[in-house]
Amino acid sequence: MEITAAIVKEKGSSFELAKVKLDEPKADEVLVKIVACGICHTDMVARDFIMGAPNFPVILGHEGSGIVEKVGEDVHHIKAGDHVVLTYGYCGECEICRSGTPPYCYEFFQRNFSGERVDHTHSHHYPDGTAINDNFFSQSSFATYSIAHKNNVIVVPKDAPLELLGPLGCGIQTGAGAVINSLKLKIGSTIAISGTGAVGLAALMAAKAASATTIIAIDINEERLAFAKELGATHTINSTKEEVSKRILEILPHGVQFGIDTTGRNEVINNTLASMAPVGEMVAIGVARKPLELETNIFLTKGYKIRFINQGDSVPQEFIPKLIRMYQNGQFPFDKLIKKYAFENINQAVEDSETGKTIKSVLTIGNYKN
Ligand SMILES: [Zn+2]
Ligand SMILES: [Zn+2]
């Protein structure tokens with residue numbers, strides 16, 4: 001069929017809408033009419049070819065939500081008309097997936113970043129038949145239609161606002177999952193969150209929902225810090241104005257129990273480590289642009305743990321519906337992070353995400369008329 005997709009033609013270039021041909025879904029695939037798609041930092045990382053990204057030209061987009069149009073003959077738990085959120089790809093069959101940790105699937109790279117299916121085919125072609133790199137996060141959802149694998153299509157309730165749900169498939173589940181699945185925050189915990197982008201703020205809302213009693217948000221942007229306070233931060237620190245570890249130790253003299261880093265920056269991670277309580281635990285989520293150097297001697301005497309995690313350690317079939325129920329109960333108002341853009345304004349939406357003007361841009365692709 002003919003669809004419209006946003007294509008990045010070469011490293012670092014802007015997105016161009018173009019008509020392309022999309023194949024029929026294979027036996028284990030699902031064809032989804034995309035209603036909306038969030039823009040995530042990883043789309044930019046792939047556009048700039050920073051971390052094992054697919055080649056060019058490529059169709060990115062990995063926070064799609066939409067309505068199932070058709071399913072392949074081996075798909076039994078999803079049917080046409082279902083409302084769905086698309087998430088990351090995983091095989092579902094390897095020992096890692098079957099141990100309940102699909103974000104670390106042996107085939108994670110192949111199914112999310114290789115630019116093709118695991119059988120090395122493409123589902124997108126130019127009208128002249130030339131293949132386009134696709135299957136980004138097993139979806140390539142900056143497009144009017146997407147082909148996803150049955151494993152990464154999550155059926156969601158029809159009374160939830162489908163247009164807003166796409167970011168639950170990556171950025172929002174990453175932040176919230178870090179708190180709920182990875183750190184397993186308990187009532188009365190203390191936590192410091194570095195970086196108040198969509199991932200950091202999702203973590204913050206999850207920490208509030210988990211009844212943490214001290215939630216410290218750290219950033220360099222005053223406006224974001226004020227917003228973090230509105231969302232439930234008990235303290236905020238502007239790291240350009242205050243010494244982070246000194247300030248945390250004023251708030252919590254024995255240090256903070258948990259830390260989350262969404263920045264991938266050396267000094268920020270070390271600041272968190274220097275402010276942690278004994279046997280404290282932190283997780284790092286941010287894509288680092290430089291190798292990390294850690295002051296490891298403090299780990300020896302303090303019993304610290306640091307883990308580098310993917311997708312908030314979440315099993316999406318279990319976690320995404322849970323986040324939707326929390327949203328519907330008013331416990332997880334992630335819609336406050338979202339600003340909508342028309343599909344044709346994708347480059348503006350990307351720019352506003354990169355400058356920090358918008359926390360989470362969502363393209364309302366379902367309204368696109370070609
Ligand atoms: Zn696997
Ligand atoms: Zn993402």
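Here the structure is a predicted model, which means the values were calculated and not measured. Start at 1 and go down the list; that is how both ligands and their atoms are numbered.
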I'd like to know if [X] pairs up with [Y] as an ion pair, taking the criterion as any Lys NZ or Arg NE/NH1/NH2 lying under 4.0 Å from an Asp or Glu carboxylate oxygen.
{"X": "K33", "Y": "E69", "value": "no"}
{"X": "E29", "Y": "R117", "value": "yes"}
{"X": "E250", "Y": "R247", "value": "yes"}

Nearer than 2.8 Å to the Zn ion (ligand 1), the protein contributes N, O or S atoms numbering 4
Side chain to side chain contact (heavy atoms under 4.5 Å, CB included), that's the test. Do I359 and L201 meet it? Break it down for me. CA-CA 9 Å; I359 299 170; L201 291 173; 3.8 Å; yes
Margin query: Checking E24 against K70 for the salt bridge (Lys or Arg N to Asp or Glu O under 4.0 Å) test, could you report, in this order, the C-alpha distance in whole Å, the side-chain angles of both residues, the deciding distance, and whether it holds?
Written below: CA-CA 9 Å; E24 287 290 302; K70 198 189 265 186; 2.5 Å; yes
Can you give me every donor-acceptor pair (side chain of residues 158-173, partner residue at least two apart or in another chain, under 3.5 Å) with its distance?
unit_1	atom_1	unit_2	atom_2	d
K158	NZ	G81	O	3.3
D159	OD1	Q328	NE2	3.1
E163	OE1	K340	NZ	2.7
Q173	OE1	S314	OG	2.9
Q173	NE2	T87	OG1	3.1
Q173	NE2	G169	O	3.2
Q173	NE2	Q311	OE1	2.9

*What's within reach of the Zn ion (ligand 2), meaning protein N/O/S atoms under 2.8 Å?*
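Sorted hits: C40 SG, H62 NE2, C170 SG.
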Handout entry: Non-hydrogen side-chain atoms of L183 and E281 separated by less than 4.5 Å
Key = yes
Within-4.5 Å side-chain heavy-atom neighbours: I39 and M44: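 Contact flag for I39/M44 side chains = yes.
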According to the ring-ring contact (aromatic ring centres under 6.0 Å, His included) rule, which pairs have a member within residues 127-151, sequence neighbours left out?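 Of all non-adjacent pairs touching residues 127-151, those that pass ring-ring contact (aromatic ring centres under 6.0 Å, His included) are F15-F142, H62-F136, H62-F137, F113-F136, F113-F137.
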